[in-house]
Structure formats: C-alpha cells, structure tokens
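In what follows, a structure is listed as structure tokens, so that the remarks can point back to it.
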Amino acid sequence: MHGSVHIIHKYANLIESCTSKKDLRTLRSLHARALVRGIAHHDFLRVKLVSSYAASARLSDALHIFHRAHRRPTFLFNTLIRAFASLNRHVDSLNLYVYMLRSGKPPDRHTLPSLLKSCASLSALHLGRRLHAAAVVHGFSSDAANSNALIAMYARCGDAGSARRVFDEMSERDVASWSAMVGCYGVHGRCAEAVEMFEEMVGSGVSPDGAALTAVLAACSHGGLVETGRRVFETMEGRFGVRPRLEHYTCMVDLLCKAGAVEEAKALIGSMEEDDVTVDRAFWRAFLAPYRIRGSPGEA
C-alpha cells in the first residue's frame, strides 16, 4: 500500500512539472506509463492529468479523462472550470458549472472565482449576481479570493456601486482588493476617486504592487491627471520598490501624449531599459495616437 501511494505521488509530481513547463510530450509519456501501471484511474492523478492537459491547451484530452472518471468530485470540476475560463471559453466554463450542480456536486471556495471571471468577460451581470448569491449561501462571501473576483466582475459589468459594497463588507483586504477598486473607479471615469482609493490603500499600510500601480496610472491617463501620474510614476520604485514595466510606461506615454506633452513622452521612451521592457502594440498605439489626430510625425 505504502509503495503504491509513493508511486502515485511520484507520478503526480512529475505530471505537475509538465504543467508548469507545458511539456506535452513528457506528459503523454507519463500518462501512458501510468495506464500501464494501472494507477491512472486514481482520483489524485486524474486531477493532475486533467489540469496538465488543460494547461497545455489540450482540453479534448482533459475532457476525455474527465468523462471516463467514475467519481467526479468538486475539485475535478473546478480544474476544468478554471481551464475553460483561462482559455477564454467562458460559456463552456459556465455550462460545466450548471452540469456540476445537476450532478449533485456543491461548489467550494475555489469554484466561483473562475466563474466570476467568465461572467466579467461576458458582461453577464445577471449571472454574476446569481453567483454572488451562491457565495453568500455557501459561506464563501468572506473569502478574499471570492470577494476580489466579485469586485472585478461588478467593475467589468458596469456596477461600481455593488463592487464598492463588496469591498466595504470585507473584513480583511489584500492588495488585489484595493487594486480592483482603484481599477473599477478608473474604468468608470471616476478618476479622482481612483486616486483617493490608491492613497487610502497606501495610508492603510498596504504596499501597492505592479497591478495596483498600473490601475492608478491608467486612471490618471483616463482622467488627464498629469501631475498625479508623474508623481506616482517617478516615485514608484523608490517609494514602493516596484520597477516600472511596460504597462506602466504605456500608461504614462498615453497620459503625456493626451496632454500634448509629446516631447516628454519621447524622452520617457528613450529612458526605457531594454532588459525590463519589450514594446508591444498597445505601447505604440499610445505613443502614435497624437499623430493619428494631427497627421504624420513629420507634420507634428
């Protein structure tokens, strides 16, 4: 018995390493060896196999293993729900949740965040509200991950009031909670409130991470808050220990160009360190926006 358990855990660890590396060839080899040894049916290994195939975007293989399982515990459903959501197959994620409930399996605290992400991506506010009710009924509404997902869902679906109520009802808030609310106010054009929320976060002793700084810089860009954006950007490394990344430069270039400070934006681009930043299309859209309005660079 102990030897069998040891082998199962050994295979589980090997499969998990394939998940992080997205090494499909080794995963298939391990799966075949597990079948030969007669251990592939073990619930623990099934979850690892489903998760690893899903991480490699091989959902057909993951579903095949799932449908062959005689026992389908909640955590096995969670693995596939999360995989569908991460691959932007949001309708499939929600449909699998319905199938899970019809199969008599209750959700746990790991089930709803992925589903709420799907609701947010689909702007399905009515479904998001039903999931919020489920979180309350099952006692997950006090869980930080569920609350943060609710805030993000309400923000994406245009209900800033409900997002704030969830935030206010949280007994403990982490940096993701604050970032979600800063971002919520920013995307709804309440940019001064976004900056106030950011400063309140800092004042409460929560140190912002890269995502929180992106949220407040984006709010500054949307609201034309040039001086505030400059102050946040120029102090983010010294004050918070966060080195500017592409997303932070993109927000600042967008902010400066909208304000007509194109030369300052050019100087900022020139200061970027190649080791830290790989320029993408969003960055160049931000920089070239003034030229699309006024004509070619030579005419600016």
Side-chain angles (χ1 to χ4, degrees), residues 144 148 151-152 154-156 160-161 163-164 166-168 170 172-294 297 300:
N148 292 344
I151 294 169
Y154 280 124
R156 287 282 299 275
R164 183 58 193 257
V166 173
F167 180 83
D168 287 340
M170 294 178 72
E172 293 185 12
R173 305 179 185 103
D174 58 19
V175 65
S177 316
W178 290 95
S179 298
M181 275 311 306
V182 172
C184 176
Y185 283 138
V187 299
H188 287 90
R190 296 163 63 174
C191 303
E193 290 174 83
V195 173
E196 288 175 12
M197 179 65 68
F198 177 79
E199 295 297 349
E200 187 180 341
M201 171 181 67
V202 174
S204 71
V206 177
S207 183
D209 59 7
L213 288 157
T214 300
V216 72
L217 288 171
C220 290
S221 178
H222 292 320
L225 306 176
V226 179
E227 291 306 320
T228 302
R230 282 196 186 107
R231 173 173 54 81
V232 171
F233 183 82
E234 289 169 1
T235 62
M236 58 184 284
E237 187 167 5
R239 187 181 180 191
F240 306 118
V242 178
R243 193 167 187 172
R245 305 292 296 177
L246 176 62
E247 55 270 27
H248 306 118
Y249 281 103
T250 301
C251 290
M252 279 304 298
V253 168
D254 189 50
L255 171 61
L256 293 169
C257 287
K258 284 178 179 175
V262 177
E263 292 304 317
E264 186 178 346
K266 288 180 180 178
L268 184 63
I269 292 170
S271 72
M272 292 165 55
E273 297 184 21
E274 292 184 5
D275 290 343
D276 293 332
V277 178
T278 301
V279 173
D280 64 3
R281 290 181 181 179
F283 179 87
W284 288 117
R285 279 199 301 269
F287 179 62
L288 295 173
Y291 299 126
R292 289 199 298 271
I293 295 170
R294 295 181 295 173

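Every heavy atom of this structure was used, including side-chain atoms; hydrogens, water molecules and symmetry mates were not.
Among residues at least two apart or in separate chains, ring-ring contact (aromatic ring centres under 6.0 Å, His included) pairs with a member in residues 213-233 are Phe233-Tyr249.
At a threshold of 4.5 Å between non-hydrogen side-chain atoms, the residues Leu256 and Arg230 count as touching.
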Q: Show the numbers, then the answer: is there a side-chain contact (heavy atoms from CB on, under 4.5 Å) between Asp254 and Lys258?
A: CA-CA 6 Å; Asp254 189 50; Lys258 284 178 179 175; 3.1 Å; yes
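Residues forming a side chain to side chain contact (heavy atoms under 4.5 Å, CB included) with Cys220 (at least two apart in sequence, or on another chain): Val195, Leu225, Thr228, Leu255.
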Side-chain polar contacts of residues 197-212 - donor-acceptor pairs under 3.5 angstrom, sequence neighbours left out - could you list them?
from, atom 1, to, atom 2, distance (Å)
Glu199, OE2, Arg231, NH1, 3.3
Ser204, OG, Met201, O, 2.7
Asp209, OD1, Ala211, N, 3.2
Asp209, OD1, Ala212, N, 2.9

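Summarising the geometry of Met252 relative to Gly229, their closest heavy-atom pair is SD-O, 3.6 Å, with the distance given to 0.1 Å. Residues Gly186 and Cys191 share a closest heavy-atom pair of O-SG, 4.2 Å. When every heavy atom of Met181 is checked against every heavy atom of Ile151, the shortest pair comes out as SD-CG2, 3.8 Å. Nearest heavy-atom pair, His188 versus Ala155, reported as atom, atom and distance to 0.1 Å: CE1-O, 3.0 Å. Taking each heavy atom of Cys251 and Ala218 in turn, the nearest pair found is SG-N, 3.8 Å. Heavy atoms only, all atoms of each residue included: Arg243 and His248 are closest at O-ND1, 4.2 Å.
A side-chain donor from one of Arg164 and Tyr185 sits under 3.5 Å from a side-chain acceptor of the other.
Note: Met170 CE to Asn148 CG = 4.5 Å, rounded to the nearest 0.5 Å. Taking CG of Leu213 as the start and CD of Glu247 as the end, the distance is 10.0 Å to the nearest 0.5 Å.
In this structure a side-chain-to-backbone donor-acceptor pair under 3.5 Å is present from Arg173 to Phe167.
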